[in-house]
2 protein chains.
Amino acid sequence: MADDRLSLVFSALADPTRRDIVARLAAGDATVNELAAPYDVTVQAVSKHIKALEEAGLVSRSRDAQRRPCHLEAEVFDLMTKWIERYRREAEDRFRRLDVLLEQMGGQPATGAPTTEAAS
Amino acid sequence: MADDRLSLVFSALADPTRRDIVARLAAGDATVNELAAPYDVTVQAVSKHIKALEEAGLVSRSRDAQRRPCHLEAEVFDLMTKWIERYRREAEDRFRRLDVLLEQMGGQPATGAPTTEAAS
DNA sequence: CGCATATTCAACCGATTGGTTTAGTACCCT
DNA sequence: AGGGTACTAAACCAATCGGTTGAATATGCG
């Protein structure tokens, strides 16, 4: 797998267990054991998932005795949203131009054309 | 790999070549051959990439003689942004509450606190 | 110290991935 | 019909993934 930041983030979130971990961390920091509890896989497997999230920059960890509390680094989400929004906007602009063109040609407007507050 | 929609979309975008294909499709529809041209992999490999994007719902295809023009379905991006924004918001709200709490306790405000127009 | 708890490391396993080559299908043109 | 172009399917391969078990490390507690 490519090791650039965006690839790491996307592939970290491609796994439902890891997305669930992120969702739970959004509600508050938690230790590996706490995070592992709800799943029916071993704590080692969860430890690996957390490591993947950490390498993607989505999670950071501190130390509290033998515990390693995990903390969600939500800023990394920006990297994704920026990428997504950029191309979504391009695609929608293009669609809108096409729509205008079709109207000028006297045809029906294209169906499902995104509006200015597209896909809120 | 999990086959729920969100997993398919995230893992489709975890590959830099596929992200590049999406970026190029945002500028306009293109055929498999056109898309494959810039990369130094075989057209079959690109065909597979496009299939992955298609299965994630990011790309649709029509038919034009022997050509199969690819079209970006930007609406699917919403699925991701919704997921991302939800947990980012939760995490930031939590961070802000902590920040307020620290101030009430007379300490320094936490550093790097997200503002209301967080990480623009 | 000795033991329990929390976490990681290492080795292994089957499934999946991204790539290849080779072959097949679909369509146009003469 | 025959041949070229665009694309997909199939079989294969090395690398990675998500999981396991078992052992190691780090810390707190009596």
Side-chain angles (χ1 to χ4, degrees), chain A residues 1-25 28-72, chain B residues 1-25 28-72:
Chain A
M1 178 63 59
D3 60 349
D4 68 282
R5 189 60 168 274
L6 213 38
S7 296
L8 289 177
V9 176
F10 276 121
S11 79
L13 295 177
D15 184 283
T17 303
R18 286 194 295 256
R19 279 201 306 281
D20 195 58
I21 289 173
V22 166
R24 289 169 56 211
L25 285 176
D29 296 1
T31 68
V32 178
N33 256 298
E34 287 164 358
L35 288 170
Y39 313 117
D40 62 352
V41 298
T42 62
V43 69
Q44 290 96 318
V46 174
S47 181
K48 278 194 193 177
H49 280 310
I50 293 169
K51 193 179 177 189
L53 292 168
E54 194 178 18
E55 278 165 0
L58 281 159
V59 159
S60 65
R61 306 154 104 156
S62 43
R63 182 167 270 293
D64 166 29
Q66 64 257 225
R67 261 145 262 123
R68 306 291 313 276
C70 299
H71 174 80
L72 185 62
Chain B
M1 179 64 59
D3 61 348
D4 63 287
R5 190 60 168 275
L6 212 38
S7 296
L8 288 178
V9 176
F10 276 122
S11 79
L13 294 178
D15 183 283
T17 302
R18 285 193 296 256
R19 279 201 308 281
D20 195 59
I21 290 173
V22 166
R24 289 169 57 211
L25 285 176
D29 296 1
T31 68
V32 177
N33 257 297
E34 286 164 357
L35 288 171
Y39 313 117
D40 63 351
V41 298
T42 61
V43 68
Q44 290 94 322
V46 174
S47 182
K48 278 194 193 177
H49 280 310
I50 293 169
K51 193 180 178 190
L53 292 168
E54 194 178 18
E55 277 164 0
L58 281 160
V59 159
S60 65
R61 306 154 105 154
S62 42
R63 182 166 270 292
D64 165 30
Q66 65 257 225
R67 260 145 262 123
R68 305 292 313 277
C70 300
H71 175 80
L72 184 62

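All chains are named by letter (A, B, ...) in the order of the sequence lines, taking the proteins before the strands, and each is independently numbered beginning at 1.
Contact record, B/Ala56 with B/Arg5: O-NE, 3.0 Å, taken as the closest heavy-atom pair. Residue B/Tyr39 comes nearest to B/Val46 through the heavy atom pair CD1-CG2, 4.0 Å, listed as atom of the first residue, atom of the second, then distance. The nearest pair of heavy atoms linking A/Ala30 to A/Leu25 is N-CD2, 3.7 Å.
To the nearest angstrom, C1' of D/dC7 lies 16 Å from CG of B/Leu53. Distance, B/Lys51 NZ to C/dG19 P: 15 Å, rounded to whole Å. Atoms CZ (A/Arg61) and P (C/dA6) sit 15 Å apart, rounded to a whole Å. At whole-Å resolution of the value, CG in A/Asp3 and P in C/dT17 are 20 Å apart. Going from atom CD of B/Glu55 over to atom P of C/dT16 covers 13 Å, rounded to whole Å. Going from atom CG of B/Asn33 over to atom P of D/dA6 covers 5 Å, rounded to whole Å. If you take CZ of B/Arg19 and P of C/dG18, they are 12 Å apart, rounded to a whole angstrom.
A heavy atom closer than 4.0 Å to some atom of DNA chain D occurs in B/Gln44, B/Ser47, B/Lys48, these being the qualifying members of residues 37-50 of chain B.
For the pair B/Arg68 and A/Arg67, nearest-nucleotide mapping onto DNA chain D gives the more 5' position to B/Arg68.
One distance of note links CG of B/Leu53 with OG of B/Ser60; it measures 11.5 Å at 0.5 Å rounding. Considering NE2 of A/His49 and OG1 of A/Thr17, their distance stands at 4.5 Å, rounded to 0.5 Å.
Side-chain contact between B/Arg68 and B/Arg63 is present, with heavy atoms from C-beta onward closer than 4.5 Å. In this structure, the side chains of A/Glu55 and A/Lys51 come closer than 4.5 Å at one or more pairs of heavy atoms.
Contact annotation for B/Thr31: backbone-only contact, meaning every heavy-atom pair under 4.0 Å involves sugar-phosphate atoms and none involves a base.
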Identify the pairs formed between an N or O of the protein and an N or O of nucleotides 25-27 of chain C at a distance under 3.5 Å, and give each distance.
none

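For B/Ala52, the side chain to side chain contact (heavy atoms under 4.5 Å, CB included) partners at least two apart in sequence or on another chain are B/Arg18.
Of the possible polar contacts, none joining the B/Arg19 side chain to the B/Ile21 backbone as a donor-acceptor pair under 3.5 Å is found.
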